[in-house]
Each structure stands twice: as structure tokens, then as C-alpha cells.
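Start at 1 and go down the list; that is how both ligands and their atoms are numbered. Here the structure is a predicted model, which means the values were calculated and not measured.
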Amino acid sequence: MKSYDRLFIGGEWVEPSSTSVFDVVSPTTEVVVGRVPEAQRADVDRAVAVAREAFDHGPWPRMSPAERAGVLARVAEAIRDDMQGMSELISNEMGSPISWGTLAQVLAPTMILDYYAALGSTFAFDTFKDGLMGPVLVAKEPIGVVAAITPWNVPLFLACAKLAPALLSGSTVVFKPAPETPLDANVLAEIFAGAGLPKGVLSVVPAGREVGEHLVNHPGVDKVSFTGSTAAGRKIGAACGANLKRVSLELGGKSAAIVLDDANLEESIPLLLPNAIMNNGEACISLTRILAPRDRYNEVAESLVEHVRAMKVGDALDPATEVGPLVAERQRDRVENYIRVGQEEGAKVALGGGRPDGIDKGWFVEPTVFVDVENSMRIAQEEIFGPVLSVIPYDDDDDAVRIANDSEYGLCGGVFTGDNDRGLSVARQVRTGTYMVNSSIPIDFSSPFGGYKASGVGREFGEDGLELFLEKKTINLPAGYSPSA
Ligand code: NAD
């Protein structure tokens with residue numbers, strides 16, 4: 001049991017304003033594994049005030065990028081020092097299979113921190129140039145006080161995707177993790193404090209939607225960086241729009257894997273599967289629509305079923321587990337409801353559809369494959385966020401692209417083919433922010449990541465991810481000016 005009785009506000013562990021707590025329950029055992037205070041509006045007010053003071057008068061925005069980068073590098077190092085402990089903690093919080101989690105939930109965040117630490121010494125914060133009227137300095141300055149709001153599915157990863165570039169920029173941050181995963185957020189806070197982050201720069205306020213809305217609307221916040229559902233993203237975008245507050249949104253997805261008619265299925269299915277049922281299907285970038293050529297439909301469906309059937313379902317902490325439990329009982333209800341909806345719509349369950357045999361605790365559903373799916377069905381249009389795949393037939397490459405694009409979302413996708421150039425041609429036609437051609441790597445931390453359409457606004461990672469936390473100022477200089485060394 002990992003318990004906290006205080007909130008991390010501006011680098012200090014302080015008394016919360018209420019006695020309300022969040023219990024963290026293991027999705028595998030249904031046993032309480034942790035407890036943290038639930039932040040209230042008053043705690044958010046305090047955190048924003050401290051962040052404001054640290055931004056307006058503290059050392060952090062005035063330090064060199066290299067000094068700030070040093071903190072990020074030390075945080076990455078400290079996380080790597082206890083990879084196992086952090087992986088177990090996250091699997092206990094939200095059910096991620098530990099073998100996947102060690103890489104994606106813990107190692108990947110250290111890569112993000114390292115990337116931004118290195119960018120601190122190469123990024124052009126100041127650019128002197130000859131403008132049309134004379135010399136000009138374009139200065140990129142920290143955006144101010146940032147509200148970072150994340151969901152529970154890849155908690156440390158998403159925290160680092162926001163905190164690393166925000167802090168490198170010189171901004172200060174109030175971080176609101178999801179109520180399901182406050183423990184790793186508090187551990188991260190401890191690590192930042194130990195790595196020499198000055199007082200006031202970071203606060204962690206575990207809270208639910210209402211207090212999140214208060215943070216978003218807070219006049220002391222300059223920028224909201226949100227990852228979560230499209231429904232919440234629309235509200236947050238509207239609230240920020242009304243106040244002309246800067247905002248970036250990483251939202252839901254319903255991505256398609258296109259298996260072309262020349263694909264070698266023995267290679268293609270194992271390549272696409274890790275991104276189809278990734279993190280128990282609780283991933284925004286999951287390839288949940290599998291598009292198969294009509295004349296190879298049965299072959300693709302059978303191969304998929306065979307590979308999914310072989311996936312080991314079980315305890316999230318067992319290194320052999322490939323599919324663990326869903327985050328919460330309500331998430332299992334949601335996924336089971338979609339499985340019913342799919343059947344009512346006329347799709348057929350080719351595999352799964354129920355709860356796994358022999359497991360009597362935990363919020364498990366069987367990995368499920370639907371066949372005879374039409375793209376207009378709800379199971380093909382709505383984000384299920386569980387291990388449920390739909391196999392959809394298409395006529396030719398144009399039809400496959402049309403179906404892939406027939407979605408309100410545009411986050412990710414992949415094409416699997418014997419011809420890389422043909423794959424690249426398909427990739428260029430699918431309207432999503434990230435794409436894979438015969439690859440199982442959906443995200444490159446040095447390159448932009450984000451959504452077209454209802455999957456988001458803005459791009460995280462790479463230099464774009466840093467630009468999200470910078471304002472640009474053009475300073476016109478007198479003729480003949482040149483910067484002193
Ligand atoms: P959610 O939108 O319900 O909650 C996400 C976070 O936002 C939580 O911390 C929640 O407390 C907070 N929140 C919710 N409504 C809010 C509001 N109106 N104002 C302020 N804060 C609010 O999402 P979820 O169900 O927890 O997470 C799953 C969703 O996240 C899926 O849709 C998934 O696709 C998406 N996601 C997207 C990405 C991406 O990079 N595009 C990555 C991971 C998850």
C-alpha cells in the first residue's frame with residue numbers, strides 16, 4: 001500500500017484543504033493499493049498562485065535552457081534507477097501488462113525526458129535575422145503557467161510528454177493527473193524535487209473533472225495542455241477559446257490498419273497486432289479497425305483470430321501476460337456494452353466476446369475479434385478503449401483509403417504490404433497525424449505527434465512539442481545592430 005497524506009504544491013508536501021481521498025484499486029486483484037488526498041478548488045488556487053509567483057518572479061524562467069535541461073536529465077536518470085518499481089506501481093494502478101509497461105510506461109518517458117534535455121542545447125530560442133525593414137530578433141519565450149491534464153492509460157508517459165517540454169521552455173506547471181493514477185504522479189514529483197527543481201515550479205493536484213474544469217478556467221493559467229477524450233477536449237477547447245487561453249489537445253482515435261492484397265500475413269499480422277491490442281486496448285493510437293481486401297477477407301480474419309487467441313491474458317504483474325485487466329469496473333461495463341452493440345448491429349464475434357475462463361477477480365474481458373463489420377457500425381466509428389477489433393472488407397486501395405478516412409478521428413494508422421512505395425502512397429492519402437508503413441513503431445519522440453480532425457489540436461514531441469509552450473516575440477532592432485557575444 002502506497003499512501004500519501006499531503007499534496008505536492010510548488011515543491012513542498014502540504015496539508016490538503018479537505019479530508020477527501022482517492023483510493024487506488026488494483027484492476028487485477030480489486031484490492032486497494034494506494035491512497036492520496038483529492039485536491040479541491042482551494043488546493044488548485046494555491047498551486048496556481050505558487051506557479052504564478054515562480055513564473056513571474058522565480059529563477060526558473062530566467063535560468064539558461066541548459067540548466068533546466070540538467071534537471072530533466074537527472075529526472076530521467078532517477079526513473080531509470082528504479083524501472084522495476086515504477087513499472088509495478090503503474091501496473092498496479094491501471095492494469096498495464098508489466099512486460100509492455102516497462103518499455104512503454106517507464107522506459108519511453110525517460111527517452112522523452114532525454115530528448116528534451118538534449119534539445120535544450122540545440123534549440124534556437126533566439127534567432128537574429130535580417131528582416132524586411134532591418135535587423136530583427138525573434139525570441140521564443142516561456143508561455144507562462146501551464147495546466148497539464150492527463151488520463152490514466154499511459155500516465156507517466158503523458159506526464160513527461162507535457163512536463164519535459166513545458167519545463168524546458170521555462171514555464172511553470174500545475175499537473176492534474178487522473179484520479180485512477182495519482183501514485184506515479186506523486187513519485188514523479190518526488191523525483192523532480194530531488195533533481196533540483198526550484199520551489200514553486202511544479203505542483204501535482206490529483207482531482208476529477210470538476211476540479212479540472214476549475215483549473216482550466218483559472219485566470220492564473222496561461223496555457224492548457226490536455227490529453228484525454230474528445231468529449232472533454234471539446235469542452236476544454238471551448239472554455240479556452242472563450243478566454244483566448246492557449247490550448248493544445250491530444251484526443252481519441254479509431255485508427256485503421258490497412259492490409260493490402262499483396263501483404264504476407266505471416267509478417268503483417270504480428271507487425272500490426274502489438275498496436276491493435278496495445279495496453280489492453282486502452283490506447284488512443286490503437287489500430288482497432290482492420291481493413292482486409294474482400295478476396296482475402298477470410299484469410300486475414302482467420303490469421304488475426306489465431307494470433308489474438310494466442311495472447312496470454314492474466315495478472316498485469318506476470319511478465320508473461322500480454323493482455324491484463326481493464327482499468328476499472330465501469331470501463332469493463334463500457335467495453336461489454338460495445339460487444340453487445342456490435343452483435344445487435346449484425347457483426348459476428350469470431351473470437352472472445354465474454355470474460356476469460358478461470359479468472360474470478362479483476363476487470364477482465366476476453367480479447368475480441370468481430371467479423372462482418374461495416375464501417376458505419378458504432379463499433380467501427382466509436383472509440384471502445386478495450387481489446388476489441390473489427391475486421392472490415394474493402395474492394396481496392398482507393399476503397400481502403402476511403403474507409404480509413406471515414407471516421408471523425410484522425411490520430412494514427414498503418415498499412416501492411418509487400419511494396420513499401422505502394423504503402424507510402426496509401427500513407428499520404430490517410431488523414432491522420434501519424435502513420436506506419438510496414439512498421440510497428442507509432443511514435444517517434446523527435447517528430448510531431450497528434451491528431452487530425454477530432455483527434456486533437458497541436459502536436460506534441462519533437463520541436464513542435466516545445467513550441468507548444470513558447471510565445472514568439474519579434475524585437476525590431478536599429479540598423480547596423482549586431483548581437484554582442
Ligand atoms: P477523460 O477525458 O475522461 O479524462 C482525461 C483527464 O481529463 C482526466 O484527468 C480527467 O479528470 C480530466 N477531465 C475530464 N473532463 C475534464 C474537463 N471538462 N475539464 C478538465 N479536466 C477534465 O479521458 P479518459 O477516459 O480518462 O482517457 C481516455 C481518453 O484519452 C481516450 O479517449 C483516449 O483516446 C485519450 N487519449 C489520447 C491520447 C493522445 O495522445 N491523443 C493519449 C492517451 C489517451
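- The ligand atoms of ligand 1 that sit less than 4.0 angstrom from a heavy atom of Cys284 are 33 (C), 34 (O), 36 (N), 37 (C), 38 (C), 39 (C), 40 (O), 41 (N), 42 (C), 43 (C), 44 (C).
- No donor-acceptor contact under 3.5 angstrom links the side chains of Ser169 and Lys140, judged on distance only.
- Taking distance alone, with nitrogen or oxygen atoms compared against 3.5 Å, Val154 stays at or beyond that limit from ligand 1.
- Donor-acceptor pairing under 3.5 Å is recorded for the side chains of Ser18 and Gln40.
- The side chain of Glu383, and not its backbone, has at least one atom closer than 4.0 Å to an atom of ligand 1 (non-hydrogen atoms only; side chain from C-beta on).
- For CZ of Arg209, the number of neighbouring non-hydrogen atoms (other residues, nucleotides, ligands) closer than 6.0 Å is 12 at most.
- Taking the six-membered ring for Trp and the full ring otherwise, the centers of Phe385 and Trp152 sit less than 6.0 Å from each other.
- The closest side-chain donor-acceptor pair between Glu383 and Tyr409, if any, does not fall under 3.5 angstrom.
- The option with the heavy atom closest to atom 24 (P) of ligand 1, from among Tyr409, Phe449, Trp152, is Trp152.
- Contact between Ile285 and ligand 1 is absent, with no heavy atom of the residue lying under 4.0 Å from the ligand.
- Using a 4.0 Å threshold on non-hydrogen atoms, atom 4 (O) of ligand 1 does not count as touching the protein.
- Among residue pairs with one or both ends in residues 85-112, none qualify as salt bridge (Lys or Arg N to Asp or Glu O under 4.0 Å); sequence neighbours excluded.
- Residue Arg431 places its CZ atom among 12 or fewer non-hydrogen atoms of other residues, nucleotides or ligands, all under 6.0 Å distant.
- Considering each of Pro206, Ala231, Gly212, the one bringing a non-hydrogen atom nearest atom 20 (C) of ligand 1 is Gly212.
- Contacts between Leu215 and ligand 1 below 4.0 angstrom, taking non-hydrogen atoms only, are absent altogether.
- Residues forming a ring pair (Phe, Tyr, Trp, His ring centres under 6.0 Å) with His214 (at least two apart in sequence, or on another chain): His218.
- For ligand 1, the atoms closer than 4.0 angstrom to any heavy atom of Ala178 are 9 (O).
- Between Asn153 and ligand 1, not a single N/O pair is under 3.5 Å apart.
- Heavy-atom contacts of Phe385 reach the following atoms of ligand 1: 28 (C), 31 (C), 33 (C), 34 (O) (cutoff under 4.0 Å).
- Considering backbone and side-chain N/O atoms, Thr230 never comes within less than 3.5 Å of an N/O atom of ligand 1.
- When the heavy atoms of Lys254, Glu213, Arg234 are ranked by distance to atom 18 (N) of ligand 1, first place goes to Glu213.
- Comparing Gln331, Arg209, Glu180, Glu460 by heavy-atom distance to atom 13 (N) of ligand 1, the nearest is Arg209.
- Of the N or O atoms in Ser229, one or more lie within a sub-3.5 Å distance of an N or O in ligand 1.
- Comparing Pro151, Ala283, Gly252, Ser286 against atom 27 (O) of ligand 1, the shortest heavy-atom distance belongs to Pro151.
- By the neighbour-count criterion of 12 heavy atoms within 6.0 Å, atom CE of Met111 is sparsely surrounded, having that number or fewer from other residues, nucleotides or ligands.
- Of all the atoms in ligand 1, the ones that sit under 4.0 Å from a non-hydrogen atom of Phe226 are 2 (O), 6 (C), 7 (O).
- In terms of N/O distances under 3.5 Å, ligand 1 is approached by Thr150.
- Under the side-chain hydrogen bond (donor to acceptor under 3.5 Å, both in side chains) rule, Asp222 has a single partner from Lys245, Arg246, Arg52, which is Arg52.
- Side-chain contact check for Asp82 versus Val187: every heavy-atom pair is 4.5 Å or farther apart.
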